[in-house]
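Here is the structure we will look at, set down as structure tokens.
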Amino acid sequence: MIEMFEQWAWIGWLVLIALFLVIEMLSLDFTFLMLAFGGAVGLVTDLIGMPLWLQVIIAAIAAALFILFLRPPLLHRLRRGEDPVKSNVDALIGLRGTALAEITRVSGQAKLGNGDTWTARSASDAPIPQGGRIEVVEITGATAVVRPVSE
């Protein structure tokens, strides 16, 4: 019975490689691509006649090595051309502004340095008085969570 599985193992490796490549196309994280490469190594070991148990071990080791040593530089090269400027909500974190109304843990309003007016709440129990200087520490939905700053 095991001989039958070993005789057709190359089909299993091809199916596994195809499955990993389809998942990689959906995730775009290079993890499943590295697993597909490990499967390709398993396919090669099958074609040269190694036993199935050894094919699986070699494929697993190869996939682990690909994930540890090939994936990080590929991700680095992929992200090399990214715009380092933060945008959207990420750009608001750390932005300073002024409390337009007293800001408590429950409610308040702040005008941020970019000119936007946001519903705000304090990150601490201490209320921030109207006119107080604030800094955004988090955005939760449409509310800026702020802390007082002294300049």
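Along the sequence shown, residues carry numbers from 1.
Across all non-hydrogen atoms, the minimal contact from I103 to S122 is CG2-N, 3.4 Å. When all heavy atoms of A110 and A120 are compared, the closest pair comes out as CB-CB, 4.0 Å. The two atoms that bring L112 and I134 nearest to each other are CD2-CD1, 3.9 Å, heavy atoms only. For A9 against Q55, the heavy-atom pair with the smallest separation is CB-OE1, 4.0 Å.
Taking CD of Q109 as the start and OG1 of T119 as the end, the distance is 6.5 Å to the nearest 0.5 Å. The structure places CZ of R105 at 5.0 Å from CG of D125, a figure rounded to the nearest 0.5 Å. Atom CG of L33 is separated from atom CD of E24 by 5.0 Å, given to the nearest 0.5 angstrom. With values rounded to the nearest 0.5 angstrom, L43 atom CG is found 10.5 Å from L16 atom CG. With rounding to the nearest 0.5 Å, the separation of CD in Q7 from CG in L52 is 12.5 Å.
Residues W118 and T143 form no side-chain contact, since every pair of their non-hydrogen atoms from C-beta on lies 4.5 Å or further apart. With a 4.5 Å cut-off on side-chain heavy atoms, L35 and I67 count as touching. The shortest side-chain heavy-atom distance between L95 and N114 falls under the 4.5 Å cut-off. The closest side-chain heavy-atom distance from P129 to E102 is not below 4.5 Å. Here the side chains of R96 and V149 are in contact, with some heavy-atom distance below 4.5 Å. I93 is not listed as a side-chain neighbour of V137, based on a closest heavy-atom distance of 4.5 Å or more.
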>> What verdict does the side chain to side chain donor-acceptor pair (under 3.5 Å) test give for T140 and E138, after you've listed the backbone C-alpha separation in whole Å, the side-chain angles of each residue and the deciding distance to 0.1 Å?
In response: CA-CA 6 Å; T140 306; E138 178 184 358; 3.3 Å; yes

> Yes or no on side-chain contact (heavy atoms from CB on, under 4.5 Å) for V145 and I139, after CA distance, side-chain angles and deciding distance?
Replying inline: CA-CA 6 Å; V145 180; I139 299 293; over 6 Å; no

> What do the steps show when you test L78 against F30 for side-chain contact (heavy atoms from CB on, under 4.5 Å), and what is the final call?
Replying inline: CA-CA 10 Å; L78 178 69; F30 288 146; 4.1 Å; yes

> T104 and R121: side chain to side chain donor-acceptor pair (under 3.5 Å), yes or no, with the steps?
Replying inline: CA-CA 5 Å; T104 64; R121 64 181 172 85; over 6 Å; no

> side-chain contact (heavy atoms from CB on, under 4.5 Å) between T117 and L100: does it pass, once the steps are laid out?
Replying inline: CA-CA 9 Å; T117 301; L100 294 177; 3.6 Å; yes

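Note: the hydrophobic cluster containing V15 does not contain M25 (ILVMFWY, side chain heavy atoms under 4.5 Å, direct or indirect links). Using a 4.5 Å cut-off between side-chain heavy atoms of Ile, Leu, Val, Met, Phe, Trp and Tyr, with links allowed through other members, L74 and L26 fall into different hydrophobic clusters. Both W13 and W53 belong to a common hydrophobic cluster when Ile, Leu, Val, Met, Phe, Trp and Tyr are linked at side-chain heavy-atom distances under 4.5 angstrom. Transitive grouping of hydrophobic side chains (ILVMFWY, heavy atoms separated by less than 4.5 Å) brings M34 and I61 into a common cluster. A single hydrophobic cluster is not seen to contain both L28 and L75; linkage of ILVMFWY side chains at heavy-atom distances under 4.5 Å, directly or through other members, places them apart.
Counted by atom type alone, R133 and S150 present zero donor-acceptor pairs between their side chains at under 3.5 Å. Side-chain atoms of D29 and S27 form no donor-acceptor pair, as typed in the model, at a separation below 3.5 Å.
Side-chain atoms of E135 never come within 3.5 Å of backbone atoms of R147 as a donor-acceptor pair (strictly under, hydrogens ignored).
Across V22, I23, I17, L21, a single residue satisfies side-chain contact (heavy atoms from CB on, under 4.5 Å) together with L19, and that is I23.
Using cut-offs of 30° and 60° on the angle between ring planes, the pair F37 and F66 is perpendicular.
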